[in-house]
Number of protein chains: 2
Amino acid sequence: MTAEQDGAPKQQTAKALTGLRDLVLKGEVLPGERLSEVALAARLKVSRTPLRAALQKLEQEGLVVMIPSGGYAVRSFSRQDVIDAIELRGVLEGTAARLAAERGVPPAKLKAISDVVANLDGVVEPGPGAMDFGRYEMLNERFHRQLAALCGSDVLSREIERITSLPFASPNAFVNTEADVPAFQRTLVVAQTQHRAIIAAIELREGARAEALAREHARLARQNLDFVMEEQPDLRSKVLALALMSG
Amino acid sequence: MTAEQDGAPKQQTAKALTGLRDLVLKGEVLPGERLSEVALAARLKVSRTPLRAALQKLEQEGLVVMIPSGGYAVRSFSRQDVIDAIELRGVLEGTAARLAAERGVPPAKLKAISDVVANLDGVVEPGPGAMDFGRYEMLNERFHRQLAALCGSDVLSREIERITSLPFASPNAFVNTEADVPAFQRTLVVAQTQHRAIIAAIELREGARAEALAREHARLARQNLDFVMEEQPDLRSKVLALALMSG
DNA sequence: TCTTGACATAATGTATACATTATGCACTTC
DNA sequence: GAAGTGCATAATGTATACATTATGTCAAGA
């Protein structure tokens, strides 16, 4: 038996990818430190070959960087990097919204995303019991995914997917935190208002407004970032997405 | 001798990368066709391992796509894909210009890019003899590269570099063609005017204007694309960057 | 004749052996 | 005592062997 014993032969690289991503995001490998291939391969129970494939993919995602002398290291992000990534998500989602408005959207797609917005209303509306943040997270991701695909451009949706793969640039990056901070819960109401407005602008073919709204929507993430960093630093450990940020 | 005989040991993947890119761009491997690893490895005189690394990098650049059943194929781009890639370059360069204006630029960087613009003046100005398109190409690439780095955001410049790696989204994609078409030469004058205006807007901290100008600047590429496709289809073969475009 | 099945072939995915290069440590020398 | 050199060790980059899976062909049956 030269090949693998347990998993399917083609999924070793997937196993390495998810395992490695977990190690990075959970902070079990520190930024800047050189990632030993043999050690990681042993730890993840895969061979070096699929591990190297996973490292390359993670470099493409931006989580690790190549060391000039060879090998890889966990990338460390400055606060400015986080700000820029959020800004960039706003710009790209803004472009998706503008192009959708300018070029028009097939009714089926418009109905699908409108349904998501309607479902989000049910989550955000103050009702009996606590707000279901898990459900919000799921619907919010679905909204942003559908928005990225709304204008039908593969080139654009690929790019949005790329920048969104950075955990702190994800639309849900700060949602987990909000559960613990009552003041944050109200930002979800604002966010949902923006969701509605973006779709309305697209339906009305108001491209500039749709773009501006989507940009401002991403800006909420930056607001949350600033709040965590400057007013409640103790919250920072609760935001898993910020584990990669130094400083 | 198990290792390589000729090249340096760490540069086999670079050799595979450039060689494979050439094969794709020169159209020696047709879009949609499955890329045989063994055949390519033999053709490029490298082993399968660095070849696979190169394939992964090219997938990240967007030139090839994974086949669900395994392996890779040359990606085929529709005309809409080309349009979207150009639009996206405009959006990203616009963001670079806006952020540079909003955040300010260190004088050294500003002087460097201003010098490039000044040198471009010398190329575009109608003087004795034919226009030096090679020099324009070099300076134009330098201008766009410096613009991408002007605001100092690694996240943004990485993204611009990515989209620009698609040959038809490169700032120089249509410059080669212009040499053959006198009417096109005047577009270089317009382009240079826009170069000047973008830098001026950044110096004046006029972010919105800088962004709009950079977007409009990319739009020149789309104009050239439309001209080639609709008015002079025979020119299409001269634009190497369009070899990947189907339809 | 068309469809379906099995089989042979070839190609990918994985594992591992090998060669080169980088890195850390000890020793020598100034 | 500090700095530079040489060597041993370990890690990366590359090549290749192996196992599984996909694919195309041929034949048999409807």
Side-chain angles (χ1 to χ4, degrees), chain A residues 1-21 23-24 28-61 63-75, chain B residues 1-21 23-24 28-61 63-75:
Chain A
M1 75 190 172
T2 313
E4 88 301 337
Q5 306 103 303
D6 48 349
K10 183 172 160 183
Q11 305 177 354
Q12 295 301 100
T13 174
K15 184 177 171 185
L17 190 61
T18 61
L20 193 50
R21 214 193 323 251
L23 287 182
V24 173
E28 304 198 32
V29 284
L30 297 157
E33 102 177 78
R34 190 192 194 121
L35 296 170
S36 168
E37 292 181 359
V38 286
L40 285 176
R43 190 165 179 182
L44 299 174
K45 304 276 186 55
V46 295
S47 177
R48 276 184 60 209
T49 306
L51 180 84
R52 283 173 70 87
L55 281 169
Q56 278 195 257
K57 274 221 158 69
L58 254 61
E59 191 214 5
Q60 149 188 3
E61 288 187 14
L63 287 184
V64 304
V65 289
M66 278 198 58
I67 300 175
S69 61
Y72 294 89
V74 179
R75 180 167 169 196
Chain B
M1 70 185 181
T2 312
E4 88 302 336
Q5 305 104 304
D6 47 349
K10 184 172 158 184
Q11 306 177 353
Q12 297 298 101
T13 174
K15 184 176 172 185
L17 191 60
T18 60
L20 194 49
R21 216 195 319 256
L23 287 183
V24 173
E28 303 198 31
V29 285
L30 297 158
E33 103 177 77
R34 190 193 194 121
L35 296 169
S36 166
E37 292 181 359
V38 285
L40 285 176
R43 191 165 178 181
L44 298 175
K45 304 276 186 54
V46 295
S47 178
R48 276 183 59 207
T49 306
L51 180 84
R52 284 172 69 87
L55 280 169
Q56 278 194 257
K57 274 222 158 70
L58 254 61
E59 191 215 4
Q60 148 188 6
E61 288 187 15
L63 286 184
V64 303
V65 290
M66 278 198 58
I67 300 175
S69 61
Y72 295 88
V74 179
R75 180 168 169 195

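Everything numeric here is computed off the predicted structure, so don't read it as measured data. Convention: sequence-line order gives letters A, B, ...; per-chain numbering from 1.
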Atom [atom1] of [X] to atom [atom2] of [N]: distance rounded to whole Å?
X: B/K15; N: D/dT14; atom1: NZ; atom2: P; value: 11 Å
X: A/R52; N: D/dA15; atom1: CZ; atom2: C1'; value: 12 Å
X: A/M66; N: D/dA11; atom1: CE; atom2: P; value: 17 Å
X: A/R48; N: C/dC18; atom1: CZ; atom2: P; value: 14 Å
X: B/L44; N: D/dA15; atom1: CG; atom2: P; value: 12 Å
X: A/E37; N: C/dT21; atom1: CD; atom2: C1'; value: 14 Å
X: B/Q12; N: C/dT20; atom1: CD; atom2: P; value: 12 Å
X: B/L40; N: C/dA11; atom1: CG; atom2: P; value: 11 Å

Could you check if a side-chain atom of [X] sits within less than 4.5 angstrom of a side-chain atom of [Y], using non-hydrogen atoms only?
X: A/L44; Y: A/L23; answer: yes
X: B/R48; Y: B/V38; answer: yes
X: B/Q60; Y: A/Q56; answer: no
X: B/T49; Y: A/R52; answer: no
X: B/K57; Y: A/E59; answer: yes
X: A/V74; Y: A/L35; answer: yes

B/L35 vs A/T49, nearer the 5' end of DNA chain C by closest nucleotide: B/L35

Side chain B/S36 and base C/dA11 donor-acceptor under 3.5 Å: no

Any N or O donor-acceptor pair linking the side chain of A/T13 to the base of C/dT14 at under 3.5 Å? no

Is A/Q11 near enough to C/dG13 that one of its side-chain N or O atoms lies under 4.0 angstrom from OP1 or OP2? no

Whether B/S47 contacts D/dA15 is assessed here as follows: a side-chain N or O lying under 4.0 Å from the phosphate OP1 or OP2. Is that the case? yes

Taking all non-hydrogen atoms of both residues, which atom of A/V46 and which atom of A/A16 are closest, and how far apart? CG2-CB, 4.0 Å

Relative to the 5' end of DNA chain D, which residue comes earlier, B/V46 or A/V38, by the nucleotide with the nearest heavy atom? A/V38

Please list each protein N or O that sits under 3.5 Å from an N or O in nucleotides 23-25 of chain C, with the distance.
from	atom 1	to	atom 2	distance (Å)
C/dT23	OP1	A/S69	OG	3.0

